[in-house]
S.K.: 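My questions will all concern the structure given below.
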Amino acid sequence: MTGQGFGAVRPLPGDGLVAYLGGLLLVCDAAEAAADELLKALRETAAAGGDGRALARRAAQVLAANMTGDPATCAVAGPVDSGVAVLVSGSASATVTTDSGETRLAGSDSLTWADRLINGPVHRVSLSLPGGGEPHPAVSFDGGVVHGGGLVGDFGDVAERPAAQSRPLTSELPNTALHFEPDLIVPPPVQMAPYPLSGNDQPATPSGPSPSAAGPSGPQPFSGPQPVSGPQPQPPALEQPPFLSAVPDPPPPAEQPSGFPTYDEPAPVHSGNGTMPEQYEQPSSPYDQPREQYDQPREHFDQPASPYDQPREHFEQPRELFEQPPPPPAQEEHGDRQLVYGVDCKNDHFNDPRVPYCAVCGIALVQRTLVPYKGPRPPLGVLILDDGTALPLESDYLLGRDPERAPEVAGGTARPAKVTSPDGSVSRRHLRVALDGWDVNLVDLGSVNGTQIQPPGDPNFYDIPPNEPVTIVPGTTVRVGVSRTMRFEAHRG
């Protein structure tokens with residue numbers, strides 16, 4: 001619970017039981033048989049980090065299970081994201097003060113209990129039992145369970161609870177991956193540049209005489225042995241092949257004789273006497289031969305060389321794979337039904353294009369022969385309530401104990417479906433069944449006791465988040481409030 005909560009709580013004098021745990025309030029008659037179960041529900045909800053809505057839901061379950069005579073005298077309250085959730089039963093009462101004034105709830109005004117989700121900003125919540133006195137301004141209640149006749153909680157900013165750790169820290173994970181300690185990682189060797197550096201970036205040379213110390217700086221062209229005075233160490237002369245010594249130096253480019261090979265032609269291999277060998281004076285490749293043979297018509301290319309060059313009459317005949325898809329059927333009058341994209345089975349039943357079988361006759365839908373088109377959506381199934389009431393899924397519904405006055409029904413976007421329960425756990429505006437394309441969605445409208453779903457084949461029920469659409473599939477069981485259920489069936493026949 002974050003944001004606003006009970007900043008200061010003061011007990012009222014009296015003979016009942018009052019409890020304040022985890023930001024949640026509970027008052028009840030100490031003589032009630034359900035007192036212990038209500039305190040247990042409070043402790044479990046607070047330990048799980050639940051809000052006022054979760055506490056009211058648990059309290060309603062306890063009261064419904066112990067409804068053998070007069071309603072039990074108790075009241076619970078707790079903050080929610082948008083305000084505060086309150087439930088009162090029997091002779092208990094509650095008063096909630098907001099910017100718009102005071103809202104008073106009394107359990108005696110209801111056959112079972114009264115619950116309300118009051119939007120904020122909320123300033124004060126007061127829960128009282130019969131005979132409860134006035135709170136003393138010097139007495140505060142930090143938490144626990146004590147004797148008293150009620151509780152008064154002033155809303156204020158409270159610190160956020162630390163978020164639950166969703167997964168172990170990295171240091172707590174098992175050693176299942178390859179890793180290295182930082183002090184064992186050896187840095188890669190520094191690679192030197194593969195070319196000489198210039199200027200001051202030249203690497204230092206080892207001490208000793210430099211090979212270029214006796215001559216001018218910079219590289220000098222090698223022009224052969226040079227006469228020097230005095231004995232000087234000379235590098236060993238390279239032995240040259242005999243035929244290279246006979247090759248004369250090439251003349252300047254401007255004085256090259258006609259026919260000298262260019263870089264676009266292969267260089268000739270010289271013989272030892274400086275003349276071109278005789279075999280290189282003749283064409284050395286069949287490409288250098290006269291090309292009269294290529295100028296003559298090639299008779300074998302005038303004939304069809306492949307079966308693909310034959311006339312393609314067989315492709316001009318209609319084949320099943322190349323048939324044009326039939327035009328989509330004409331759309332008939334659909335009234336108020338929504339237009340959606342779908343496909344027809346062989347029996348002309350309009351279906352969801354995502355399903356493999358027809359929802360009406362069960363025939364397989366062959367995907368390569370389907371032609372999607374936009375048509376009126378058929379009923380998506382039926383919701384069957386536990387009392388036998390059937391709601392055909394042709395449009396949206398709004399379920400609750402007083403749905404006629406809901407804005408969705410008044411605006412014409414949903415049909416009313418009145419659902420009541422003897423324990424009073426169904427809110428006036430509880431649940432909306434919204435159709436989106438071929439999907440059936442449930443939207444809990446912030447009800448106090450919530451909505452739960454049981455997927456097909458799963459023994460457990462799961463809460464759906466308020467004000468968020470949740471898609472259900474055929475075979476899903478839906479629990480509205482505490483005791484009412486309904487089942488989604490996809491049969492359209």
S.K.: Do Trp438 and Phe350 make the cut of ring centroids closer than 6.0 angstrom?
M.R.: yes

S.K.: Count the heavy atoms belonging to other residues, nucleotides or ligands that lie under 6.0 Å from OH of Tyr341, then report whether that count exceeds 12.
M.R.: no

S.K.: Whether Arg484 and Asp386 form a salt bridge (side-chain N of Lys/Arg under 4.0 Å from carboxylate O of Asp/Glu) is what I want to check.
M.R.: yes

S.K.: Roughly how far apart are Thr485 OG1 and Gln452 CD, rounded to 0.5 Å?
M.R.: 11.5 Å

S.K.: Does OH in Tyr357 sit with more than 12 non-hydrogen atoms of other residues, nucleotides or ligands closer than 6.0 Å?
M.R.: no

S.K.: Between Arg432 (side chain) and Leu398 (backbone), is there a donor-acceptor pair under 3.5 Å?
M.R.: no

S.K.: For the residue pair Leu151 and Leu12, establish whether any side-chain heavy-atom pair is separated by less than 4.5 Å.
M.R.: no

S.K.: Parallel under 30°, tilted from 30 to 60°, perpendicular over 60°: which one fits the rings of Tyr20 and Phe141?
M.R.: tilted

S.K.: Which pair of heavy atoms, one from Glu394 and one from Arg377, lies closest together, and at what distance?
M.R.: O-NH2, 4.2 Å

S.K.: More than 12 foreign heavy atoms under 6.0 Å from CG of Asp402: is that the case here?
M.R.: yes

S.K.: I'd like to check Val27 versus Cys74 (side-chain heavy atoms, cut-off strictly below 4.5 Å). Are they in contact?
M.R.: no

S.K.: Can you run down the side chain to side chain donor-acceptor pair (under 3.5 Å) pairs that involve residues 107-121, sequence neighbours left out, and say none if there aren't any?
M.R.: Ser82-Asn119

S.K.: Can we say Arg429 and Glu408 salt-bridge, meaning some charged N sits less than 4.0 Å from an Asp/Glu carboxylate O?
M.R.: yes

S.K.: With salt bridge (Lys or Arg N to Asp or Glu O under 4.0 Å) as the test, would you mind laying out the steps for Arg415 and Asp396 before giving the verdict?
M.R.: CA-CA 6 Å; Arg415 296 181 183 178; Asp396 291 8; over 6 Å; no

S.K.: Which distance, rounded to the nearest 0.5 Å, do you find between the OG of Ser425 and the CG of Leu63?
M.R.: 11.0 Å

S.K.: Less than 4.5 Å apart, side chain to side chain, heavy atoms only: is that true for Val76 and Leu25?
M.R.: no

S.K.: Any chance NE2 of His147 has more than 12 other-residue heavy atoms, nucleotides or ligands included, within less than 6.0 Å?
M.R.: no

S.K.: Looking at every heavy atom in both Val382 and Ala390, which two are closest together, and how far apart are they?
M.R.: CG2-CB, 3.7 Å

S.K.: Should Val122 and Val96 be marked as a side-chain contact (heavy atoms from CB on, under 4.5 Å) after you check the CA-CA gap, both sets of side-chain angles, and the distance that decides it?
M.R.: CA-CA 7 Å; Val122 178; Val96 180; 3.8 Å; yes

S.K.: To the nearest 0.5 Å, tell me how far Leu365 CG sits from Arg354 CZ.
M.R.: 13.0 Å

S.K.: Are Glu102 and Arg104 close enough, and set up right, to give a salt bridge (Lys or Arg N to Asp or Glu O under 4.0 Å), and what steps lead you there?
M.R.: CA-CA 6 Å; Glu102 288 187 352; Arg104 187 177 183 277; over 6 Å; no

S.K.: For Ser128, which residues count as a side-chain hydrogen bond (donor to acceptor under 3.5 Å, both in side chains) partner, sequence neighbours excluded?
M.R.: Ser93

S.K.: For the residue pair Leu393 and Phe488, establish whether any side-chain heavy-atom pair is separated by less than 4.5 Å.
M.R.: yes

S.K.: Without hydrogens or angle criteria, can the side chains of Thr471 and Asp439 be said to hold a donor-acceptor pair below 3.5 Å?
M.R.: no

S.K.: Near Asn347 CG, under 6.0 Å, is it more than 12 heavy atoms from other residues, nucleotides or ligands?
M.R.: yes

S.K.: Are the side chain of Gln61 and the backbone of Ala65 linked by a donor-acceptor contact shorter than 3.5 Å?
M.R.: no

S.K.: Could you work out, with side-chain hydrogen bond (donor to acceptor under 3.5 Å, both in side chains) as the rule, every residue matching Ser447, not counting sequence neighbours?
M.R.: His430, Asp444

S.K.: Heavy-atom distance under 4.5 Å between the side chains of Leu38 and Leu26, does that happen here?
M.R.: yes

S.K.: Are Pro469 and Val443 packed together at the side-chain level, in the sense that at least one heavy-atom pair is separated by less than 4.5 angstrom?
M.R.: yes

S.K.: May I ask you to check whether over 12 heavy atoms, not counting those of Glu134, lie within 6.0 Å of atom CD?
M.R.: no

